[in-house]
Number of protein chains: 2
Amino acid sequence: MFNYSTSEENYIKAVFHLQQSDGMVTTNELASELKTKPASVTDMMKKLKNKKLLHYQPYQGFRLSHEGNKVALGIIRRHRLWEYFLAEKLKFSWDEVHAVAEHLEHVSSKKLIDKLDEFLGFPRVDPHGDPIPDVNGKIETSKQVCITALPLNKQAVVCHVGDQSSEILELLKHKNIGIGTKLEVKKKFDFDNSMEIKIKQQFYNISEQLAKNIFVKYES
Amino acid sequence: MFNYSTSEENYIKAVFHLQQSDGMVTTNELASELKTKPASVTDMMKKLKNKKLLHYQPYQGFRLSHEGNKVALGIIRRHRLWEYFLAEKLKFSWDEVHAVAEHLEHVSSKKLIDKLDEFLGFPRVDPHGDPIPDVNGKIETSKQVCITALPLNKQAVVCHVGDQSSEILELLKHKNIGIGTKLEVKKKFDFDNSMEIKIKQQFYNISEQLAKNIFVKYES
DNA sequence: AAATAAATTTAGACAAATCTAAAACACAAC
DNA sequence: GTTGTGTTTTAGATTTGTCTAAATTTATTT
């Protein structure tokens with residue numbers, strides 16, 4: 001409907017992501033997510049409140065309004081479609097798509113995005129397994145499970161990776177783990193919460209930090 | 001090498017285009033091209049001079065330095081590759097590509113552009129017939145002729161359109177004129193410099209303004 | 001060569017987005 | 001219920017890009 005600056009869009013997107021887990025988002029959380037200062041966050045939150053994109057009472061944290069959520073889903077749609085395009089058509093590797101998509105997502109032409117969607121064949125998930133909102137902002141919520149909660153010896157398929165930093169993606173590439181990879185948890189160690197998983201007859205050791213970022217669906 | 005703001009890039013691009021015809025570009029020319037005020041132009045010219053992208057002595061007009069030209073060609077490469085992508089892959093019509101490419105051109109990832117170029121099959125000209133600079137900024141200069149200078153009854157092929165406004169492109173679409181269209185000038189009228197051209201057994205009347213914007217190559 | 005007109009530059013102001021440092025607030029601990 | 005700590009907000013400054021209005025320079029005309 002309206003157009004927002006690159007900066008506004010980045011704040012909106014960050015609030016959207018943080019409120020998934022936290023419900024209410026705080027100033028410090030947002031500042032560290034966006035690598036900016038708390039004072040800057042407050043300034044922007046006032047602005048977005050004026051534009052009715054979020055609910056915010058001083059000192060009480062914030063969450064997106066209905067309108068704010070719609071805007072966020074639009075940005076996420078653009079981001080994930082570009083990621084898909086970069087990986088699928090331009091053959092970017094898994095860990096490179098995110099950074100470039102961060103820029104492309106701010107080019108906001110509805111027609112561009114809808115035609116891109118069509119050109120790509122209406123993909124449902126991006127290269128990290130995250131669902132892509134459709135034209136109306138509807139997003140698929142699949143019941144995925146973190147491998148820390150997976151029972152032993154149960155076959156499952158990687159469908160999502162939590163973190164998007166190039167560090168984690170580099171590590172996963174090294175261990176041959178990607179979206180669609182079939183795996184089984186063979187052992188869990190209580191000492192450090194690390195685990196051993198099996199992929200194609202090969203065994204790998206996974207740290208707790210890494211495990212927390214790998215999500216799977218059961219084989220269907 | 002370095003990164004420039006969207007605003008800086010727009011000024012650089014505009015100077016590049018204006019100096020093709022004029023040699024030396026003036027403050028007012030640039031201001032009207034960019035729909036801004038002369039004072040803003042002066043401010044930006046000082047900045048670009050400091051960055052050694054252009055030659056400029058107060059009151060003497062300006063032209064791009066060697067470095068400035070290289071930067072300009074990079075921007076033009078991005079713009080025209082995106083235009084080609086939009087028209088060829090996303091099926092945008094001729095008159096829609098320019099506006100969207102204006103935004104995409106500012107996403108400056110060398111890898112993105114080089115991979116896009118490869119994906120598109122290294123096209124040589126954009127949908128308006130303008131040549132696309134290669135990775136090294138080299139640009140094809142073809143000896144094209146404006147139809148105002150075309151002898152009567154000589155077969156020629158449209159290869160370029162001067163103006164890029166959606167108005168002119170809409171008009172051309174209506175008359176079935178596009179890149180690759182074969183035409184012949186049948187008559188010129190001295191009164192208003194309008195002319196009659198023939199396309200596929202059909203005759204069309206072309207105003208002086210329009211004729212000045214249509215460029216052709218002779219049939220080969 | 002002086003006067004006038006046009007183009008260009010300067011000076012000062014403003015909006016957006018950011019920052020630092022100081023003040024205000026919330027809340028847990030005593 | 002006062003105190004203290006950490007969080008959040010305010011106040012004021014900065015940078016980028018823009019503008020208006022005034023001053024300056026260049027060009028034109030007589």
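Chain naming here is simple, since letters A, B, ... match the order of the sequence lines and numbering starts at 1 in each.
Between B:Tyr4 and B:Tyr11, the distance from one ring center to the other does not fall under 6.0 angstrom. Checked against a 6.0 Å centroid threshold, the rings of B:His106 and A:His103 do not count as neighbours.
Rounded to whole Å, atom P of D:dC19 lies 11 Å from atom CE of B:Met44. Regarding B:Met45, its CE atom lies at a distance of 10 Å from the P atom of D:dT18, rounded to whole Å. We find that CD of A:Glu8 is positioned 14 Å from C1' of C:dT18, with the value rounded to whole Å. The CG-P distance, from B:Asp43 to D:dC19, rounds to 10 Å in whole Å. Atom NZ in B:Lys49 sits roughly 14 Å away from atom C1' in C:dT9 (whole-Å rounding). Here the C1' atom of nucleotide D:dT9 and the CG atom of A:Leu30 are 15 Å apart, to the nearest Å. The distance between atom CG of B:Leu48 and atom P of C:dT9, rounded to the nearest whole Å, is 13 Å.
Among the nucleotides D:dT8, C:dT10, C:dT9, the one closest to the side chain of A:Thr42 is D:dT8. Nearest nucleotide to the A:Thr26 side chain, out of D:dT8, C:dT20, D:dC19: D:dT8. Considering only side-chain atoms of A:Thr27, the nucleotide from C:dT20, D:dT8, C:dT10 that sits closest is D:dT8. Proximity note for A:Thr36 (side chain, C-beta onward) versus C:dT18, C:dT20, D:dT9: the nearest is C:dT18.
Distances shorter than 4.0 Å separate some side-chain N or O of A:Asn28 from OP1 or OP2 on D:dT8. Side-chain N/O atoms of A:Lys46 include none lying less than 4.0 angstrom from OP1 or OP2 on D:dT9.
Side-chain contact, B:Ser108 with B:Asn3: a donor N or O sits under 3.5 Å from an acceptor N or O. A donor atom on one side chain and an acceptor atom on the other are not found under 3.5 Å apart for A:Asn28 and A:Thr26. B:Glu170 and B:His174 form no side-chain donor-acceptor contact under 3.5 Å, judged by distance and modelled atom types alone.
Distance check, rounded to the nearest 0.5 Å: CD of A:Glu83 to CH2 of A:Trp94 gives 11.0 Å.
Residues from residues 9-19 of chain B that place a heavy atom under 4.0 Å from any atom of DNA chain C: there are none. The stretch residues 55-62 of chain A touches DNA chain D through A:Tyr56, A:Pro58, A:Tyr59, each having a heavy atom within less than 4.0 Å of the strand.
In this structure, B:Ser7 reaches the sugar-phosphate backbone alone: every heavy-atom distance under 4.0 Å involves primed, P, OP1 or OP2 atoms, never a base. Contacts of A:Ser40 with the nucleic acid, taken as non-hydrogen atoms under 4.0 Å apart, include base atoms.
Remark: side-chain polar atoms of B:Glu196 are not paired, donor with acceptor, to backbone N or O of B:Lys188 under 3.5 angstrom. Side-chain atoms of A:Ser109 do not come within 3.5 Å of backbone N or O of B:Val100 as any donor-acceptor pair. Judged purely by atom type and a 3.5 angstrom limit, A:Asn213 has no side-chain atom pairing as donor or acceptor with the backbone of A:Val161.
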If you look only at distance, which donor and acceptor atoms sit under 3.5 Å apart when one is on a side chain in residues 204-212 of chain A and the other is two or more places apart or in another chain?
residue  : atom : partner  : partner atom : Å
A:Ser207 : OG   : A:Leu210 : N            : 3.2

